[in-house]
Amino acid sequence: MPLLTFDLIQGRSEAEVRTLLDAAHRAVLTAFGVPERDRYQIVHENKAYQMVFQDTGLGFSRTDNLVMVRVYTSPRSEAQKSCFMAELARELRESCGVQGHDLMISFIINSKGDWSFAHGEAQYLTGAL
């Protein structure tokens, strides 16, 4: 049940965005072992001047191909998070041409009781999931 949000600099085609989302979902399936239809993704497109992502002193430059991904999820092991980061980087490089210096990932951890998938019901707490 991870929810992924993506911040991109506007200009990608619908097909390019769909390819990016499909690649990210493959990384989720590999790293977290969730069911195929456990797919929740939101894309925000921004003007270039609205996104400032420097290198934190690591010595690289970013391009307009930048992808910022936030992963909202229940707690995951360090191994799962590392696997996801590596898989996402590989998938985006191979499928979308996004280079590693243009990918930033952040995990936002919450509990299963923080989710309602429909009807204002906490399905994890009620036993529906």
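By convention here, the first residue in the shown sequence is residue 1.
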Test your reading of the model: is there a side-chain donor-acceptor pair from [X] to the backbone of [Y], 3.5 Å cut-off?
X      : Y      : result
Arg62  : Phe53  : yes
Asp38  : Pro35  : no
Gln123 : Ala118 : yes

When you compare the side chains of [X] and [Y], does any donor N or O come within less than 3.5 Å of an acceptor on the partner?
X      : Y      : result
Thr19  : Asp22  : no
Thr126 : Glu121 : yes
Thr5   : Arg70  : yes
Arg18  : Ser13  : no

Side-chain touch [X]/[Y], heavy atoms, less than 4.5 angstrom:
X      : Y      : answer
Leu3   : Ile42  : yes
Phe84  : Ile105 : yes
Leu29  : Val34  : yes
Met1   : Tyr72  : no
Val71  : Val69  : yes
Ile109 : Thr73  : yes

Rounded to the nearest 0.5 Å, how far apart are [atom1] of [X] and [atom2] of [Y]?
X     : Y     : atom1 : atom2 : answer
Thr30 : Glu91 : OG1   : CD    : 6.5 Å
Glu87 : Gln80 : CD    : CD    : 13.0 Å
Gln99 : Arg93 : CD    : CZ    : 7.0 Å

For Glu94, I'd like to know if atom CD has over 12 heavy atoms of other residues, nucleotides or ligands within 6.0 Å.
yes
Over-ring placement of Arg76 relative to Phe107, 6.0 Å and 45° cut-offs
no
Side-chain heavy atoms nearer than 4.5 Å, only ILVMFWY residues, links allowed to pass through others: does that put Leu20 and Met68 together?
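Result: no, two separate clusters.
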Hey, any chance Val43 and Leu66 share a hydrophobic cluster, counting ILVMFWY side chains that come within less than 4.5 Å of each other, even indirectly?
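No; tracing contacts between hydrophobic side chains, which count when under 4.5 Å, never links both residues.
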For Phe117 together with Tyr40, are the ring centres under 6.0 Å from each other?
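Centroid separation for Tyr40 and Phe117: below 6.0 Å.
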Could you check Leu129 against Trp115 for side chain to side chain contact (heavy atoms under 4.5 Å, CB included), going step by step and ending with a plain yes or no?
CA-CA 11 Å; Leu129 284 174; Trp115 295 88; over 6 Å; no
Do you know the tightest heavy-atom contact between [X] and [Y]?
X      : Y      : value
Pro2   : Val28  : CG-CG1, 3.8 Å
Asp114 : Ser111 : OD2-N, 2.8 Å
Ser61  : His101 : O-CD2, 2.9 Å
Leu92  : Ala23  : CD2-CB, 4.0 Å
Leu103 : Ala89  : CD2-CA, 3.6 Å

Partner residues of Phe6 under the ring-ring contact (aromatic ring centres under 6.0 Å, His included) criterion, sequence neighbours left out:
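Residues passing ring-ring contact (aromatic ring centres under 6.0 Å, His included) with Phe6: none at all.
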Report the C-alpha distance between Val67 and Leu8 in whole Å, list the side-chain angles of each, state the deciding distance to 0.1 Å, and finish with yes or no for side chain to side chain contact (heavy atoms under 4.5 Å, CB included).
CA-CA 5 Å; Val67 177; Leu8 314 171; 3.8 Å; yes
With side-chain hydrogen bond (donor to acceptor under 3.5 Å, both in side chains) as the test, pick out the partner of Ser95 among Glu16, Arg90, Arg26.
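For Ser95, the side-chain hydrogen bond (donor to acceptor under 3.5 Å, both in side chains) test succeeds with only one of Glu16, Arg90, Arg26, which is Arg26.
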Within residues 43-59 or reaching into it, pairs that qualify as side-chain hydrogen bond (donor to acceptor under 3.5 Å, both in side chains) - sequence neighbours excluded:
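Residue pairs passing side-chain hydrogen bond (donor to acceptor under 3.5 Å, both in side chains), neighbours aside: Asp7-Asn46.
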Hey, is Asp64 close enough to Arg12 for a salt bridge, meaning N to O under 4.0 Å?
no
